[in-house]
Amino acid sequence: MGFIQADKLTYTYEGNLVPAVKEVSLSFKKGSYTAIIGHNGSGKSTLAKLLCGIFTPTGGKVLIDGMDTADEDNMASIREKCGMVFQNPDNQIVSSVVEEDVAFAPENLGVEPAQIRKAVDDALAAVGMTEYALHSTYKLSGGQKQRIAIAGILAMNPQCIVFDEATAMLDPAGRREISDTMRKLNQRGITVITVTHHMNEAAMADRIVVMNKGEVAMDGTPREIFARVDELRKLSLAVPQVTELLYDLGLPAALHAKEAADVIEEEIKKKCL
Ligand code: ADP
């Protein structure tokens, strides 16, 4: 069984006739790194909130490390195990000083001060923000604010972090900071699930789940998913530019510029030498 296990997961918003997420069954292994993509309104954000227990399903169920998210008694443990980073960095900052902001959640849980000090220092180091510990939160860039939000979650020592369009409001430099942070956290063994509409970001994950009308339309590695250019286009989704270029040239799929250069070199060798 996966670390997060969704079984026929369904969610219908109050007053809506059509479910936003419909009978979705997915399993996420411990330490995996998954991107969820899909056009607007396909159910990505609702699914993300269900997967980390913020929403309770209206049908089916989600188990996080074996704990049913619908069971109130599991709420506190689930909050500690699985954190969520949202789109707007400003909404997630609760304190005017960086290290106080990061300490907020463990302080609220009544963790020992010495333990909090260590958790905050470790969390700031993990997101590369140690030197900003005593800075004002309001002077930070969007990317830095998101890294502080991530550090606040890390201070709780979670096993899983779900990012809901966490890079959507950031400039390209901020997006890269957060993508790099996601990869590093995953390398430390944290299970990462990220909702994104940036295909280059999705290509960095080990697995991509494509949502359409509340259901899973595709599920595979970035290489498998981005080879299905026509199907993605039908779902109004782009593929990474470099993948699209090679596809339009009738060449095998590549996810990165370096890989594309190798594919083109191979083709030239085959055809011209
Ligand atoms: P995505 O993240 O892919 O854009 P969402 O999960 O936000 O999709 O939305 C899925 C569906 O649920 C959409 O049809 C949307 O209109 C509906 N929806 C989302 N949030 C709400 C809400 N708070 N109340 C009612 N309907 C909602």
Side-chain angles (χ1 to χ4, degrees), residues 4-28 32-64 69-70 75 78-79 82-92 142 146 149-150 153 160-170 174-175 178-179 182 191-220 222 225-226 228-229 231-240:
I4 299 182
Q5 190 80 32
D7 185 24
K8 295 200 171 157
L9 186 56
T10 301
Y11 190 87
T12 309
Y13 285 95
E14 221 177 294
N16 284 7
L17 292 175
V18 183
V21 168
K22 196 171 143 198
E23 304 217 343
V24 166
S25 294
L26 287 169
S27 179
F28 299 87
S32 57
Y33 181 0
T34 309
I36 300 177
I37 62 173
H39 61 75
N40 277 345
S42 59
K44 305 181 295 297
S45 179
T46 309
L47 177 62
K49 288 176 185 132
L50 288 163
L51 290 177
C52 67
I54 287 185
F55 282 1
T56 306
T58 54
K61 65 176 172 182
V62 180
L63 298 182
I64 299 180
T69 61
M75 256 320 127
I78 285 174
R79 285 280 162 276
C82 196
M84 189 157 185
V85 181
F86 299 91
Q87 189 176 109
N88 190 338
D90 290 315
N91 292 350
Q92 295 170 89
Q146 282 299 57
I150 297 167
I153 291 168
C160 171
I161 303 184
V162 178
F163 296 82
D164 186 10
E165 301 263 15
T167 65
M169 296 177 75
L170 306 181
R175 285 211 297 275
I178 300 307
S179 299
M182 284 182 203
T191 306
V192 172
I193 299 176
T194 177
V195 169
T196 183
H197 58 256
H198 290 285
M199 296 304 147
N200 290 335
E201 250 171 68
M204 289 174 66
D206 297 325
R207 174 188 182 191
I208 296 180
V209 171
V210 184
M211 293 295 291
N212 185 46
K213 295 183 184 157
E215 295 179 282
V216 174
M218 298 183 209
D219 184 355
I225 299 297
F226 289 135
R228 296 161 73 177
V229 177
E231 284 169 79
L232 288 169
R233 282 179 180 163
K234 273 192 202 130
L235 297 176
S236 322
L237 292 173
V239 292

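Residue numbers count from 1 along this sequence. Worth knowing before you read on, the calculation uses all heavy atoms, side chains too, and leaves out hydrogens, waters and symmetry mates. Whatever order the structure lists ligands and atoms in, that order sets their numbers, starting from 1.
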Trainee: Provide the number and element of each atom of ligand 1 under 4.0 Å from a heavy atom of N40.
Mentor: 4 (O)
Trainee: Determine the minimum heavy-atom distance between Y33 and A205, stating which atoms define it.
Mentor: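 Nearest heavy atoms, Y33 then A205: O-CB, 3.5 Å.
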Trainee: Going by side-chain contact (heavy atoms from CB on, under 4.5 Å), name the residues that satisfy it together with L51, two or more places apart in sequence or in a different chain.
Mentor: I4, A6, L9, F28, I36, L47, I193
Trainee: Could you tell me the residue and atom name of the protein heavy atom closest to atom 3 (O) of ligand 1, and the distance to it rounded to 0.1 Å?
Mentor: K44 NZ, 2.8 Å
Trainee: Could you tell me the residue and atom name of the protein heavy atom closest to atom 7 (O) of ligand 1, and the distance to it rounded to 0.1 Å?
Mentor: S45 CB, 3.8 Å
Trainee: Measure N16 to ligand 1 on non-hydrogen atoms and call it side chain, backbone, both or neither using the 4.0 Å cut-off.
Mentor: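 Side chain only.
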Trainee: Could you verify whether a donor N or O on one side chain and an acceptor N or O on the other, from Q5 and S27, lie under 3.5 Å apart?
Mentor: yes
Trainee: Is a side-chain donor-acceptor pair under 3.5 Å present for D164 with S45?
Mentor: yes
Trainee: Taking only heavy atoms of A20, which atoms of ligand 1 are found under 4.0 Å from at least one of them?
Mentor: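 The atoms of ligand 1 under 4.0 Å from a heavy atom of A20 are 10 (C), 11 (C), 12 (O).
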Trainee: Measuring from non-hydrogen atoms of E14 to any atom of ligand 1, is the shortest distance under 4.0 Å?
Mentor: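 No.
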Trainee: Any chance you could measure I161, atom CD1, to T191, atom OG1, to the nearest 0.5 Å?
Mentor: 10.0 Å
Trainee: Starting from atom 8 (O) of ligand 1, locate the nearest protein heavy atom and write down its residue, its atom name and how far away it is, to 0.1 Å.
Mentor: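 Scanning the protein heavy atoms, the shortest distance from atom 8 (O) of ligand 1 goes to G43 N, 3.1 Å.
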Trainee: Would you call the rings of Y13 and F55 parallel, tilted or perpendicular, taking 30° and 60° as the class edges?
Mentor: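 Taking F55 first and then Y13, their aromatic rings stand perpendicular (interplane angle over 60°).
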Trainee: Under the side-chain contact (heavy atoms from CB on, under 4.5 Å) rule, collect the residues that match up with S25, sequence neighbours excluded.
Mentor: D7, K8
Trainee: Is S42 close enough to touch ligand 1? Criterion: a residue heavy atom under 4.0 Å from a ligand atom.
Mentor: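 Within the 4.0 Å threshold, so yes.
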Trainee: Report the member of Y13, Y11, F55 with the shortest heavy-atom distance to atom 17 (C) of ligand 1.
Mentor: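 Selected option, by shortest heavy-atom distance: Y13.
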Trainee: Taking 4.0 Å as the limit for heavy-atom contacts, which would you say applies to H39 with ligand 1: side chain only, backbone only, both, or neither?
Mentor: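 Just the backbone.
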Trainee: Closer than 4.0 Å and a protein heavy atom, does any atom meet both conditions relative to atom 15 (C) of ligand 1?
Mentor: no
Trainee: Going by the atom numbers of ligand 1, which of them fall below 4.0 Å from some non-hydrogen atom of T46?
Mentor: 5 (P), 6 (O), 9 (O)
Trainee: Any idea which heavy atoms bring E201 and T167 closest together, and the distance?
Mentor: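 The answer is OE2-OG1, 2.9 Å.
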Trainee: Can you confirm whether the side chains of T196 and E165 place a donor and an acceptor under 3.5 Å from each other?
Mentor: no
Trainee: So which protein heavy atom does atom 10 (C) of ligand 1 come closest to, and at what separation?
Mentor: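 In this structure, atom 10 (C) of ligand 1 has G41 O, 3.5 Å as its nearest protein heavy atom.
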